[in-house]
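In what follows, a single structure is set out as structure tokens and then discussed.
The figures that follow rest on heavy atoms only: side chains count, while hydrogens, waters and symmetry mates do not. Each chain gets a letter, A, B and so on, in the order its sequence line appears, and its residues count up from 1.
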Amino acid sequence: MRVATWNVNSVKQRVPRLLPWLDERRPDVVCLQETKLSDDAFATLLGDELAGRGYQYAVHGQAQWNGVAILSRVGLEDAVPGLDGGPGFPDPEARAVSATCAGIRVHSVYVPNGRTPDSDHYHYKLAWLAALRDVVATGPEEVLVCGDVNIAPADADVFDPDAYIGQTHVTPPERAALAELQAVGLRDVVRDRWPHERVFTYWDYRAGMFHKDLGMRIDLVLAANPVAERVQAAWVDRHARKGTGPSDHAPVIVDLDDAPDGDIGPVVPPPSARPAKRGSARLPQT
DNA sequence: ATGTCAGATTACATCTGA
């Protein structure tokens, strides 16, 4: 069974990339973030296209910002929109949806960005992560948390740690909050698979960052042991970041064994993970 | 050289957020 997560940065703008990607990669379960559409608009835009490909879906959207979804062609049950007990800013935002797909509780999450470490949004981010930990801790043992966590777990997950000092995504409290989430028993399956590689999932649109491979790894697939033990392949689909009209994030793709339909895709990942070499550059100024 | 993009708006240009 193939599971993927992708921050599409507006599903409306990404339709010309999303549909061919579904046909090429043929994921069984897809977690989407930053759909930026109401649930009704999502259904109008993609309902028929997804049904024609055999996908059911669960969405939790809002009109302009945020928005998450889970697509599944291996069953989709007990969908829950939102994050129980989670904080708002000040009202709840559409940043989480969960459902059970082929026996696995799947969470698609879009963790608040944090903006700057001295902002209210940063504290909102930490509180949101604590609520996510509590939800996962009280849920089923077969669980996957997939999405844009807006945290680089370690210095190896940013192109130049010095360029990020004092910025959100790398501060110790954020990394501690992520560690607390993982402490309920979740493994970072891409880093497990590629312990020493340079692996990024996000590259700023500005300043040719993708071209120079100056990115961050902030999109994660976190798996509890019963699921992590089934991982056959875990990789970043950098191809989806290339070409015309890409998202600024690339999908993360994970293949699990015991695929119901026998279509587990390549066991050997494509050459998306390049040899580690350190770049150094300034961050684009905001 | 802000090598960007998406969504918004006292809308056809400039703002916010990422």
Side-chain angles (χ1 to χ4, degrees), chain A residues 5-19 21 31-42 44-46 59-69 87-96 108-126 128-129 147-152 157-160 162-171 174 178 200-220 236 238-252 279-286:
Chain A
T5 184
W6 193 6
N7 179 325
V8 292
N9 186 15
S10 173
V11 73
K12 187 189 296 182
Q13 298 304 318
R14 218 58 62 210
V15 166
R17 298 298 301 258
L18 175 62
L19 295 178
W21 177 83
C31 295
L32 299 176
Q33 299 86 37
E34 284 208 82
T35 56
K36 298 185 178 178
L37 276 185
S38 71
D39 295 354
D40 285 349
F42 186 98
T44 301
L45 181 71
L46 285 173
V59 285
H60 184 41
Q62 59 188 81
Q64 313 155 255
W65 307 111
N66 310 310
V68 287
F89 193 77
D91 299 319
E93 299 179 304
R95 295 182 174 275
S108 178
V109 301
Y110 176 46
V111 175
N113 175 283
R115 300 184 188 175
T116 59
D118 59 356
S119 71
D120 291 346
H121 210 260
Y122 179 86
H123 299 287
Y124 168 51
K125 178 182 195 173
L126 297 179
W128 200 94
L129 283 161
D148 177 358
V149 301
N150 270 316
I151 298 168
D157 297 310
V158 298
F159 71 87
D160 180 1
D162 290 341
Y164 283 92
I165 289 173
Q167 306 227 23
T168 185
H169 294 61
V170 302
T171 65
E174 290 167 276
L178 179 61
F200 299 139
T201 64
Y202 161 84
W203 300 260
D204 198 298
Y205 282 125
R206 295 170 288 185
M209 299 289 273
F210 179 71
H211 179 71
K212 294 182 275 195
D213 196 23
L214 303 178
M216 314 175 77
R217 192 174 70 93
I218 56 177
D219 300 87
L220 305 182
V236 176
R238 291 180 78 258
H239 180 74
R241 181 62 177 77
K242 301 177 182 176
T244 304
S247 171
D248 43 1
H249 297 249
V252 179
S280 180
R282 304 176 76 89
L283 289 172
Q285 300 302 302
T286 51

* Rounded distance in Å - NE2 (A:His249) to P (B:dA18) -> 11 Å
* Under 30°, 30 to 60°, or over 60°: which ring-plane class applies to A:Tyr164 and A:Phe159, parallel, tilted or perpendicular? -> perpendicular
* To do: Using heavy atoms to find the nearest nucleotide of DNA chain B for A:Tyr110 and A:Pro246 separately, return the residue whose nucleotide is more 5′.
  => A:Pro246
* Pairwise C1' distance for B:dT10 and B:dT14, with rounding to whole Å -> 13 Å
* A:Ser108 side chain to A:Ala69 backbone, donor-acceptor under 3.5 Å -> yes
* Would the number of heavy atoms belonging to other residues, nucleotides or ligands and lying under 6.0 Å from NE2 of A:His239 be above 12? -> no
* Structure fact -> Taken to the nearest whole Å, CH2/A:Trp203 to P/B:dC5 is 16 Å
* Grab the CG-C1' distance between A:Asn66 and B:dA18 for me, whole Å please. => 11 Å
* Rounded to the nearest Å, what distance is computed from the NE2 atom of residue A:His211 to the C1' atom of nucleotide B:dG3? -> 10 Å
* Could you give the distance separating B:dT16 and B:dA1 at their P atoms, to the nearest angstrom? => 24 Å
* Aromatic plane relationship, A:Trp21 with A:Trp6 - under 30° parallel, 30 to 60° tilted, over 60° perpendicular -> tilted
* Step-by-step side chain to side chain contact (heavy atoms under 4.5 Å, CB included) determination, A:Trp128 to A:Asn150 -> CA-CA 12 Å; A:Trp128 200 94; A:Asn150 270 316; over 6 Å; no
* Asked: Distance between the P atoms of B:dC12 and B:dC5, in whole angstroms?
  -> 22 Å
* Structure fact -> Using Watson-Crick geometry (N1-N3 plus N6-O4 or O6-N4) or G-U wobble (N1-O2, O6-N3), each under 3.5 Å, B:dT14 is paired with B:dA8
* Span that lies between the C1' atom of B:dA11 and that of B:dG7, in whole angstrom -> 13 Å
* Structure fact -> Its contact letters, B for base, S for sugar-phosphate only and - for none at protein heavy atoms under 4.0 Å, make nucleotides 7-17 of chain B read SS--------S
* Are a donor atom and an acceptor atom from the side chains of A:Ser38 and A:Asp40 found within less than 3.5 Å of each other? -> no
* Asked: Under the side chain to side chain contact (heavy atoms under 4.5 Å, CB included) criterion, do A:Tyr122 and A:Glu174 qualify, and how do the steps go?
  -> CA-CA 9 Å; A:Tyr122 179 86; A:Glu174 290 167 276; 3.3 Å; yes
* Asked: Between A:Asp204 (CG) and B:dT2 (C1'), how many Å, whole number?
  -> 10 Å
* Taking the side chain of A:Ala207 as its heavy atoms from C-beta onward, which of B:dG3, B:dT4, B:dA18 lies nearest to it? -> B:dG3
* Structure fact -> Mate of B:dT2 across any strand shown (Watson-Crick or G-U wobble, both atom pairs under 3.5 Å) is none
* **Pairwise P distance for B:dC15 and B:dT2, with rounding to whole Å** => 16 Å
* To do: Would you check, one step at a time, whether the test side chain to side chain contact (heavy atoms under 4.5 Å, CB included) holds for A:Asp213 with A:Arg238?
  => CA-CA 10 Å; A:Asp213 196 23; A:Arg238 291 180 78 258; 4.1 Å; yes
* Verify the contact: side-chain N or O of A:Arg14 to OP1 or OP2 of B:dA6, cut-off strictly under 4.0 Å; return yes or no. => yes
* To do: Let me know the distance between OH of A:Tyr205 and P of B:dT4, rounded to the nearest Å.
  => 12 Å
* Asked: Starting at CG of A:Asp213 and ending at P of B:dG3, how long is that distance when rounded to a whole Å?
  -> 18 Å
* Structure fact -> Of A:Gly208 and A:Asn7, the one whose nearest nucleotide on DNA chain B sits closer to the 5' end is A:Gly208
* What distance, rounded to whole Å, do you find between the two C1' atoms, one in B:dG3 and one in B:dA8? -> 24 Å
* Asked: To the nearest angstrom, how far is A:Met209 atom CE from B:dG3 atom P?
  -> 10 Å
